[in-house]
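As structure tokens, the structure follows; a few thoughts come after it.
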Amino acid sequence: AQSVSQHNHHVILSEAASLELGCNYSYGGTVNLFWYVQYPGQHLQLLLKYFSGDPLVKGIKGFEAEFIKSKFSFNLRKPSVQWSDTAEYFCAVTPLRGGADGLTFGKGTHLIIQP
Amino acid sequence: GAGVSQSPRYKVAKRGQDVALRCDPISGHVSLFWYQQALGQGPEFLTYFQNEAQLDKSGLPSDRFFAERPEGSVSTLKIQRTQQEDSAVYLCASRYRDNTEAFFGQGTRLTVV
């Protein structure tokens with residue numbers, strides 16, 4: 001079975017700081033990778049996804065992530081954060097088996113941006 | 001509707017009571033998932049439907065949990081004889097087909113007292 005590890009449970013940054021949230025997964029085969037965001041009081045929304053191709057993936061709101069296969073990592077980055085980025089961020093993986101696999105999530109990172 | 005809709009948004013149940021949680025997926029989405037999210041944790045997979053067929057229920061924590069999707073659209077997650085450890089947010093997600101994005105509902109927050 002696959003698993004996902006997010007390195008930081010709580011991150012506090014000032015506005016305009018750069019962000020990098022770590023994500024590592026364990027699975028022996030090919031995977032699809034995702035970052036979801038959950039703003040306070042709202043549902044999970046997809047930030048970006050990697051299925052194949054260019055390992056540097058750009059998502060919404062200026063976020064990007066890089067898939068490094070050799071490191072089993074899919075870290076999320078943003079060059080300059082805003083107060084509105086305060087949210088819970090989840091990394092998730094699903095095996096590329098073309099079958100009925102649900103997402104396996106990490107425990108999440110609670111990001112707080114101070115004005 | 002435009003998104004995945006879940007009802008009720010909040011449910012308080014007395015221990016031992018049965019509850020039923022509803023999910024309306026996005027129209028035309030074949031796949032439907034249920035997840036359980038405990039406080040401070042990431043969502044944990046419960047079960048998966050492809051149309052009306054329940055293809056994976058390996059994540060259901062006990063035989064008190066039961067899910068159905070009889071006509072391949074709306075799904076119901078039923079929890080019998082609720083226990084305090086069942087308190088969590090129950091999330092439903094749907095996707096058009098394999099290897100596409102899953103869309104999540106806002107969840108039902110279940111509190112068992």
Side-chain angles (χ1 to χ4, degrees), chain A residues 1-10 21-25 27 29-53 57 59-60 76 87-111, chain B residues 1-7 9-10 23-26 29-60 67 69 75 88-109:
Chain A
Q2 60 273 18
S3 66
V4 177
S5 175
Q6 291 185 238
H7 307 158
N8 311 98
H9 294 302
H10 293 91
L21 301 183
C23 172
N24 286 88
Y25 69 93
Y27 181 69
T30 306
V31 294
N32 293 332
L33 294 153
F34 306 81
W35 275 97
Y36 280 85
V37 61
Q38 190 168 29
Y39 297 105
Q42 297 190 25
H43 60 280
L44 280 166
Q45 300 173 40
L46 184 70
L47 264 183
L48 47 78
K49 61 183 183 285
Y50 173 80
F51 285 173
S52 64
V57 178
I60 61 171
L76 181 71
E88 193 86 21
Y89 292 81
F90 295 95
C91 182
V93 61
T94 185
L96 185 65
R97 292 193 287 222
D101 294 291
L103 293 159
T104 298
F105 286 85
K107 291 187 186 294
T109 296
H110 187 198
L111 175 65
Chain B
V4 178
S5 177
Q6 292 187 245
S7 61
R9 288 289 311 280
Y10 304 92
C23 173
D24 280 89
I26 294 172
H29 279 197
V30 168
S31 303
L32 185 145
F33 301 84
W34 283 98
Y35 292 85
Q36 180 190 58
Q37 186 175 17
L39 191 64
Q41 302 293 316
E44 300 257 349
F45 170 79
L46 292 178
T47 187
Y48 163 80
F49 289 85
Q50 187 167 2
N51 296 307
E52 69 279 3
Q54 188 175 19
L55 298 187
D56 187 347
K57 53 182 181 180
S58 61
L60 296 177
R69 194 186 185 197
S75 177
V89 175
Y90 291 85
L91 297 170
C92 177
S94 71
R95 70 183 184 198
Y96 174 59
R97 55 183 171 83
D98 289 346
N99 299 319
T100 60
E101 174 187 350
F103 293 84
F104 283 81
Q106 290 194 290
T108 294
R109 182 178 296 277

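Here is how names work: the chains are called A, B, and so on, in the same order as the sequence lines, proteins then strands, and each is numbered from 1.
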| task | Could you check if a side-chain atom of A:L21 sits within less than 4.5 angstrom of a side-chain atom of A:Q6, using non-hydrogen atoms only? | result | no

| Where the side chain of B:R69 meets the backbone of B:N51, is there a donor-acceptor pair that is under 3.5 Å apart? | yes

Name the region of [X], side chain, backbone, both or neither, that has any atom closer than 4.5 Å to a heavy atom of chain A.
X	result
B:S58	neither
B:L46	neither
B:Q37	side chain

| query | A:Y50 and side-chain contact (heavy atoms from CB on, under 4.5 Å): which partner among A:V57, A:V93, A:N32? | reply | A:V57

| said: Under 6.0 Å between ring centres: does that hold for A:F51 and A:F34? | reply: yes

| By a 4.5 Å heavy-atom criterion (distance strictly below it), what part of A:Q38 contacts chain B: side chain, backbone, both, or neither? | side chain

